[in-house]
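Note on naming: letters A, B, ... go to the chains in the order of the sequence lines (proteins, then strands), and numbering restarts at 1 for each one.
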Protein chains: 2
Amino acid sequence: MTRLHSGNPLPEISDPVRAMLDSMAAWTGAPEDEAQCPVRDVLDRVGQKWTLLILVALEPSPKRFSQLQRQVGDISKRMLTQTLRQLERDGMVSRQVFPTKPPSVEYALTDLGRSALAPIGALLVWADSNHETIRASREAFDAEEVS
Amino acid sequence: MTRLHSGNPLPEISDPVRAMLDSMAAWTGAPEDEAQCPVRDVLDRVGQKWTLLILVALEPSPKRFSQLQRQVGDISKRMLTQTLRQLERDGMVSRQVFPTKPPSVEYALTDLGRSALAPIGALLVWADSNHETIRASREAFDAEEVS
DNA sequence: GAGATATGGTCTCATAAATAGACCGACTAT
DNA sequence: ATAGTCGGTCTATTTATGAGACCATATCTC
């Protein structure tokens, strides 16, 4: 994996983002309106472990089922199918079947899916930039736990 | 990238972000270097379901354990403890114990934690902007499944 | 013709993770 | 006395994830 890392940019929070964060933080916990809360809803999907990996894998070009499985590597067919279905349902990914000799199915990002990659990518850049700091912090934490 | 809807902001992918995405997508699946891959590493944490909620809850001001539990609402103590420990270990959150009559423990964002909220917030803004589209897509998908 | 390979899945079963909720010891307020 | 607050831990149950067998069809190899 390539390292784009160069120093630690600690990005500022922009005004619209701050407004969003504040409005979320102001909202005091209520489990019942789970479905109402767009943030919870989308966060749950993001938290699906494979979702982001698949979106990223599809970014350069559409891919077929087994191509995806090879690329993501350690995903089971079951999880790949499930995650793709969810993404299709959410309108992030399109599914097209070609009636070739052994049937082939092509998955591609929709405009919506592609648009999600902007904020997701920003998060990944953050992850890459600050991974070293995090790793060091963990080491320090574990060291003093033992003592 | 084409903009379909004038209403929904479908953000462009910036060059550094695209570079990141491409370098990830180029990387073909290997489970062994899990720990080596900063993206997988951080993604796993982000995918923890409660992690983001807690970071967001701490953004306006530091909070105490039971304050957090009330705010997030439907989180169990066990998960709250666990998530806070992880965040502390990662250096995103600080934990300070005050020896008051009933002991009080205050959790606060570190600079690193705060910096994470910029990309996270962007994701939440995206979620909020596109939730309606997603909801509609799901409805359509479910409708034709039944037929 | 037998065997291996590839396609996109589904199905079952085992394991890992999340959840609810009881419990704890020290203290306070009623 | 009784109940409640504080920050947790512990156990038992539900849920999610993972490994891998299986399927029908077709091609390529021996």
Side-chain angles (χ1 to χ4, degrees), chain A residues 28-32 34-35 40-41 43-54 57-58 62-90 93-108 141 145, chain B residues 28-32 34-35 40-41 43-54 57-58 62-90 93-108 141 145:
Chain A
T28 291
E32 337 92 29
E34 177 90 8
R40 286 282 193 117
D41 198 10
L43 242 47
D44 279 356
R45 193 97 326 150
V46 167
Q48 290 280 138
K49 179 165 192 178
W50 297 114
T51 308
L52 297 193
L53 262 347
I54 288 177
L58 287 178
K63 288 194 176 51
R64 296 168 51 180
F65 187 87
S66 41
Q67 244 178 322
L68 276 172
Q69 193 181 10
R70 275 190 294 271
Q71 178 159 354
V72 178
D74 52 347
I75 189 175
S76 67
K77 288 181 169 197
R78 193 181 177 282
M79 279 295 102
L80 182 54
T81 303
Q82 194 174 106
T83 309
L84 284 170
R85 282 291 182 291
Q86 279 182 340
L87 288 174
E88 190 193 354
R89 189 171 103 103
D90 288 355
V93 157
S94 67
R95 177 177 184 270
Q96 198 177 0
V97 183
F98 296 99
T100 51
K101 319 85 184 268
S104 60
V105 181
E106 193 175 81
Y107 293 91
F141 185 91
E145 286 299 279
Chain B
T28 290
E32 337 92 29
E34 176 90 9
R40 286 280 195 120
D41 198 11
L43 240 46
D44 279 357
R45 193 96 330 149
V46 167
Q48 291 282 134
K49 178 166 191 176
W50 297 113
T51 308
L52 298 193
L53 262 347
I54 288 176
L58 287 177
K63 289 196 174 51
R64 297 168 52 179
F65 187 87
S66 41
Q67 243 177 324
L68 276 173
Q69 194 181 10
R70 274 190 294 272
Q71 178 158 354
V72 178
D74 53 347
I75 189 175
S76 69
K77 289 181 169 197
R78 194 179 177 284
M79 279 295 102
L80 182 54
T81 304
Q82 195 175 105
T83 308
L84 284 170
R85 282 290 182 293
Q86 280 182 339
L87 288 174
E88 189 192 355
R89 189 171 102 104
D90 289 355
V93 156
S94 67
R95 176 177 185 271
Q96 198 178 358
V97 183
F98 296 99
T100 50
K101 317 83 185 267
S104 60
V105 181
E106 192 175 80
Y107 293 92
F141 185 90
E145 285 301 279

What nucleic acid atoms does [X] come within less than 4.0 Å of, heavy atoms only: base, sugar-phosphate, or nothing?
| X | answer |
| --- | --- |
| A:Tyr107 | sugar-phosphate |
| B:Arg78 | base |
| A:Thr81 | base |

Once you round it to whole Å, what is the distance between [atom2] of [N] and [atom1] of [X]?
| X | N | atom1 | atom2 | value |
| --- | --- | --- | --- | --- |
| A:Leu53 | D:dG18 | CG | P | 11 Å |
| A:Gln82 | D:dT17 | CD | C1' | 8 Å |
| B:Gln69 | D:dC6 | CD | P | 10 Å |

Exercise. Report yes if at least one side-chain N or O of B:Ser66 is closer than 4.0 Å to OP1 or OP2 of D:dG7; otherwise report no.
Key: yes

Quiz item: Any side-chain N or O of B:Arg85 less than 4.0 Å from the OP1 or OP2 oxygen of D:dG7?
Solution: no

Practice problem: Specify the residue among A:Pro102 and A:Met79 whose closest nucleotide of DNA chain D lies further upstream toward the 5′ end. | Solution: A:Met79

Exercise. Estimate the overall bend of the helix from C:dG1-D:dC30 to C:dT30-D:dA1 from the end axes over five pairs each, rounded to 10 degrees.
Key: 10°

Exercise. Give the nucleotide from the list C:dT7, D:dG18, D:dC6 with an atom nearest to the side chain of B:Arg64.
Key: D:dC6

Self-check item: Gap separating the CG atom of A:Leu52 from the CZ atom of A:Arg45, nearest 0.5 angstrom
Solution: 11.5 Å

Quiz item: Looking at CZ of B:Arg70 and CZ of B:Arg64, how far apart are the two atoms once the value is rounded to the nearest 0.5 Å?
Solution: 8.5 Å

Quiz prompt | Min side-chain heavy-atom separation A:Leu58-A:Val93 under 4.5 Å | solution = yes

